[in-house]
Every structure is written in structure tokens, then in C-alpha cells.
Protein chains: 2
Amino acid sequence: MRYHSRHKAEVRQQIIRMASYRFRSEGMDAVGIANLMSDLGLTHGGFYSHFRDKEALVAAACRHGFDELQQRLAEVLAAVPPDERLATLVEHYLSPAHRDRPDDGCVAAALGGEMARRDQPSRQAFTAGVEAQLALLAHCQPQRGGCGGMTASVALALMVGALLLSRAVSDPELSLRFLEEAKRALMPPAD
Amino acid sequence: MRYHSRHKAEVRQQIIRMASYRFRSEGMDAVGIANLMSDLGLTHGGFYSHFRDKEALVAAACRHGFDELQQRLAEVLAAVPPDERLATLVEHYLSPAHRDRPDDGCVAAALGGEMARRDQPSRQAFTAGVEAQLALLAHCQPQRGGCGGMTASVALALMVGALLLSRAVSDPELSLRFLEEAKRALMPPAD
DNA sequence: CGCTTTGCATGATGATCATCATCGTAAAAA
DNA sequence: TTTTTACGATGATGATCATCATGCAAAGCG
């Protein structure tokens, strides 16, 4: 090998990382291979020695995005007493900061809509990520039943939907309303 | 004018109608002008005499999609006693049939993710549609408070999120779980 | 120090994209 | 019947797309 043996793997990782950001912020169709590679100081030629096609990159980027979030969240939640974990997670997920940084945020909310139209490999990677999110959510329910009596899948659907709508809507007030009211619905109702 | 005076308006309406279907089922970026026009037996040339640019079509298609749904729902709900309206709406929205026909379904669920990245005109049309949905939802809450104690914006976010995830996920069982559990959460809890 | 290996660059392919300028033609108006 | 008018067809523009075939140059191995 002409570079040290890790080099190819490192470049591959960089491609995936950059793709996972740009896909989330611009959409998967809007990011071209050549443009993406040039972000890393490379040209489009080498791409196909790393991935069979764009679909393979989408799947890898999807996995990477979920893994990264999962890991980051696990760290944050571990530092918080168990009965505050749900509140911490919800507060973070439904914050304006998360709304305004889709590139660094939840893959499900950023790419869920387009995922429904993709091929099997990508959708499988996406599904695995969603399942991991569900497990994490179920794991930090304060007591039996879950978030204000919701199951994990209901809580996830609500969070994803609220974040998605808060991003799509052009009225800042309505945008905030989606975040705030979802937050309230997810937090334990009593003081 | 060479055709009868309604002709141009009719063609315009057909373009919008077709666009609103194809945008929902294929995504707004994936549908090209030339391809869309050829669906109507026309060529790409005349498009720009109907719309300033593609963005204008997106906004119009968005309005059309919401209007159509709003009208169809209003008809269905009017034929149902007030205390069954919420259940009817939820049952319909979270049905596998709706999941499997995005082209004929909710604009918010199909295009919400991509809407966040579009220009102002489209997002304003989208926002107006969302507001109409919220009003309709608030209007068919069975009693004070709303769907199992949810506000309209929470109910909408949950429905949109559940439908979106049920479409994106590749596991049929998980897909159904999103629909069923969201349904349960939205229906009045007591028998 | 030369050989082999291979990651990446170069460039081509053919397709599609949004947009616009031009023009024929068919229908309405006269 | 003749004139007018504008819808929509044709074709060009320049950009970008995913994908692949070829070739260079550098790094590890001998």
C-alpha cells in the first residue's frame, strides 16, 4: 500500500462523516459525489474505490449519523440521575438549537421523509438506527409505562414529528409552539 | 386567445395537480419539469408561461395538496357525529392505506422534511396548510383539552411523525407498531 | 534502490437538470 | 375570410449528475 495501511480507512471515514453532515443539512439528492469529494480536497474519481455506489454511501452515512448521536446521548445521559434522563433527553431534542442544526442532529427527523423513497440497504440502516433510538428511549423512561404514559414508539414519533414541523414551518412562533407543546406532553404531567 | 378562454387555467390546474401527486410520491427534487410536462402530453417549453420558476410550482402544488385533503376530510367528518370525528380522522390518517399512498396523502408527512430546506414562498404555503390542519384538528376534539389531553399541535406532530416513520422503516412489523401505538395514544384512553 | 502495488486524479460518458429565446400554428376576434 | 394573438413545441444553453476506464505517482516491500 502506498500510504500507511490505515490511510484508506481514514479517508473512507472522512467521506462518511462529511456525507452524514451534508445529507442531513442539504438532503441526500442535493449532495453530489464530486462536490462531496472536493470538500475533502479529493476528486470524484476515487469515490468508487470506497463505495460501490451512492446508495452504499447513504447507508453508511445513515449508520454513522445514528451511531454518533447514540454515543453522544449515552454519554450525556450517563452523567445524569436516572429520573432526570427523560427530561434531559427531551429538553435537548426539542430545543431550538437542535432545530437549527439539522446537520448535527437527529437523522430520523432530517432524512425520514426521503428515506421512505430509498432502496433497501439505506432503509435497513435507517431502521436499525430507529430501533436503537427506541431502545434508548425505553431505557430512560422514568417509571412503568413511559413518558407521560407513552410507549417509546409514540414518544419517538412525537419528537420526530414536532422537530420536523418546527423546521418546516416559516412562522417562528408556530415553530416554537411545536417544540414547547411536545415538550410539555412528554414530561411527567404533575409537577 | 386561441383556445377557449378557460384553457390556460385548466392546463395550469392540471400541472399543479400532477405536480402535487408526483412531488409527494417521488420528492420535489426528483421530479423534473420536462418529465412532469410530458405526463400531461406537453413539452417543457410552455411551463414558464404558467409559472415563474419551479419554486412557484412547488408552492402552488403544496397549496393544492393541502386544500384537497382539507376538503376531502371536511366532507367525511361532516357525515359523522361530532364525538366520533377525532376517531375517524385518526383511524384514517394512521391507516396502512394512507401509509402506502403518499401521493394521495398528507403533504406535511410526505414533504415536511424537504420543506425545511426550501425557499420562503413554498414554506409559507406549507405553513398555511399546517395551520389549516391544526384548526381542523382543534375543531374535532371531542371535549376540552383534546385528543387524550393533547393539544392540536401535539396531536399533529404525533400523527405526522408516526406516519413518516412507518413509511421510512423497512421492517413491516415496526411500521405497523408506529401506526397502532400512535392511534392508541390519540384515542380517548378509556373504553 | 528498484519493483510492485494501489489510492487517487484525470477525463469521458450519457443522462438529466432548470431556464430561456424563438417560432409555428391554431383558435378567437374582426 | 382575414387578422391577430399567445399557447405550447422546438431546440439551445450551461450546469450538474452518477458512473467508469485509464493512468500516474508515491509508499511499502524485497
Side-chain angles (χ1 to χ4, degrees), chain A residues 1-20 22-23 25-62 111 114-115 117-123 125, chain B residues 1-20 22-23 25-62 111 114-115 117-122:
Chain A
M1 309 153 181
R2 40 221 170 302
Y3 300 90
H4 48 281
S5 47
R6 298 189 300 262
H7 187 245
K8 178 165 186 177
E10 282 171 6
V11 170
R12 184 189 154 93
Q13 232 17 63
Q14 283 176 20
I15 297 176
I16 293 175
R17 219 173 94 91
M18 183 65 77
S20 98
R22 293 200 51 195
F23 284 164
S25 75
E26 299 166 45
M28 298 180 286
D29 285 355
V31 177
I33 301 296
N35 191 293
L36 179 71
M37 293 293 280
S38 78
D39 279 354
L40 301 167
L42 303 175
T43 58
H44 56 285
F47 176 81
Y48 292 89
S49 69
H50 288 286
F51 302 96
R52 193 162 41 77
D53 53 19
K54 192 182 184 179
E55 195 67 26
L57 174 62
V58 169
C62 186
L111 301 179
E114 300 163 71
M115 221 64 208
R117 296 187 282 264
R118 287 219 90 83
D119 293 349
Q120 202 62 358
S122 303
R123 297 181 62 202
Chain B
M1 307 157 181
R2 41 224 169 297
Y3 300 91
H4 47 283
S5 47
R6 297 189 301 263
H7 187 245
K8 178 165 185 175
E10 282 171 7
V11 170
R12 185 188 154 92
Q13 233 16 63
Q14 282 175 19
I15 297 176
I16 293 175
R17 220 174 92 93
M18 182 67 76
S20 98
R22 294 200 52 194
F23 284 165
S25 75
E26 300 167 45
M28 297 180 286
D29 286 354
V31 177
I33 301 297
N35 191 292
L36 178 72
M37 293 294 279
S38 79
D39 278 355
L40 301 167
L42 303 175
T43 57
H44 57 283
F47 177 81
Y48 292 90
S49 70
H50 287 284
F51 301 96
R52 194 161 39 77
D53 53 19
K54 191 182 184 179
E55 194 67 26
L57 174 62
V58 168
C62 186
L111 301 180
E114 301 163 70
M115 221 63 209
R117 298 186 280 264
R118 288 218 89 85
D119 293 350
Q120 201 63 355
S122 304

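Note that the structure is a prediction, hence the values are computed from the model and not measured.
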When the side chains of residues 32-46 of chain B are checked against the rest of the protein, which donor-acceptor pairs come out under 3.5 Å, sequence neighbours left out?
residue : atom : partner : partner atom : Å
B/N35   : OD1  : B/R22   : NH1          : 2.6
B/N35   : OD1  : B/R22   : NH2          : 3.1
B/S38   : OG   : B/N35   : O            : 2.9
B/D39   : OD2  : B/R22   : NH1          : 2.7

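Of the residues in residues 36-44 of chain B, those placing a heavy atom less than 4.0 Å from an atom of DNA chain D are B/G41, B/L42, B/T43, B/H44, in numerical order. Contacts between residues 26-34 of chain A and DNA chain C, defined by a heavy-atom separation below 4.0 Å, involve no residue at all.
Between D/dT19 and A/Y48, a contact under 4.0 Å exists linking OP1 or OP2 to a side-chain N or O.
Within a 6.0 Å radius of CZ in A/R117, more than 12 heavy atoms belonging to other residues, nucleotides or ligands are found.
Partners of B/S122 under the side-chain contact (heavy atoms from CB on, under 4.5 Å) rule, at least two apart in sequence or in another chain, are B/E55, B/V58, B/A59, B/M115, B/R118. Taking the salt bridge (charged side-chain N to carboxylate O under 4.0 Å, His left out) definition, one finds that A/D53 meets it with nothing, sequence neighbours left out. Among residues two or more places apart in sequence or in another chain, the salt bridge (charged side-chain N to carboxylate O under 4.0 Å, His left out) test is passed with A/R123 by none.
Protein atom CG of A/D53 is 11 Å distant from nucleotide atom P of D/dA18, rounded to whole Å. As rounded to whole Å, 18 Å separates atom P of D/dA6 from atom CD of B/E10. Atom pair A/H50:NE2 and C/dT6:P shows a separation of 14 Å (rounding to whole Å applied). Distance, A/L57 CG to D/dT19 P: 10 Å, rounded to whole Å. For the pair A/F47 CZ and C/dG7 P, the computed distance is 15 Å after rounding to whole Å. In this structure, the CZ atom of B/R12 is 12 Å from the P atom of D/dG8, given to the nearest Å. What separates CD of A/Q14 from C1' of C/dG7 is a distance of 14 Å, to the nearest Å.
Rounding to the nearest 0.5 Å places SG of B/C62 at 11.0 Å from CG of B/L57. Distance check, rounded to the nearest 0.5 Å: CE of A/M18 to CZ of A/F23 gives 12.0 Å.
The heavy-atom pair separating B/A60 from B/F51 by the smallest distance is CB-CE2, 4.2 Å. Here the shortest heavy-atom pairing between A/I16 and A/A61 reads CG2-CA, 3.9 Å.
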